[in-house]
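Shown next, in structure tokens, is the structure this report addresses.
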Amino acid sequence: MTASTDTAGSVTTVYRVSGMSCGHCEGAVSGEISELAGVVSVKAVAATGEVTVVSATPLDDEAVRAAVDEAGFELAGRA
């Protein structure tokens with residue numbers, strides 16, 4: 001994560017998502033999560049199954065789960 005996305009007062013959460021295998025998968029997951037209110041940035045990495053989300057306030061885990069489901073993947077929890 002770069003310093004520009006780690007602004008004062010932001011919350012960084014790392015989630016584990018199963019089923020991502022390529023850049024298209026990363027884009028689908030990132031796109032759905034980025035639509036949630038308060039999300040500043042999303043970085044999905046298929047190789048590790050980790051999705052790092054920077055948001056203005058803590059996100060509701062069920063909202064993140066729904067976004068990941070919409071992208072066609074499964075939220076395995078927080079890393």
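- Looking at L59 and V53, their side chains come closer than 4.5 Å, going by heavy atoms from C-beta outward.
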What verdict does the side chain to side chain contact (heavy atoms under 4.5 Å, CB included) test give for I33 and V68, after you've listed the backbone C-alpha separation in whole Å, the side-chain angles of each residue and the deciding distance to 0.1 Å? CA-CA 7 Å; I33 293 175; V68 171; 3.9 Å; yes
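- Although no hydrogens or angles enter the test, the distance criterion places a donor-acceptor pair under 3.5 Å between the side chain of E26 and the main chain of A46.
- With sequence neighbours excluded, the residues that form a side-chain hydrogen bond (donor to acceptor under 3.5 Å, both in side chains) with R78 are D61.
- A pairwise comparison of heavy atoms in A44 and S30 identifies CB-OG, 3.5 Å as the closest pair.
- The shortest non-hydrogen separation linking M20 to V45 is CE-O, 3.7 Å.
- Among all heavy-atom pairs drawn from A79 and E50, the shortest one is CB-OE2, 3.8 Å.
- Paired with Y15 under the rule side chain to side chain contact (heavy atoms under 4.5 Å, CB included), one option of V42, T52, L75 passes, and it is L75.
- Scanning all heavy atoms of the two residues, the minimum distance from E32 to A67 falls at CB-O, 3.3 Å.
- The shortest non-hydrogen separation linking A28 to F73 is CB-CE1, 4.3 Å.
- In the hydrophobic clustering of this structure, V17 groups with L36; members are Ile, Leu, Val, Met, Phe, Trp, Tyr whose side-chain heavy atoms approach within less than 4.5 Å, directly or through other members.
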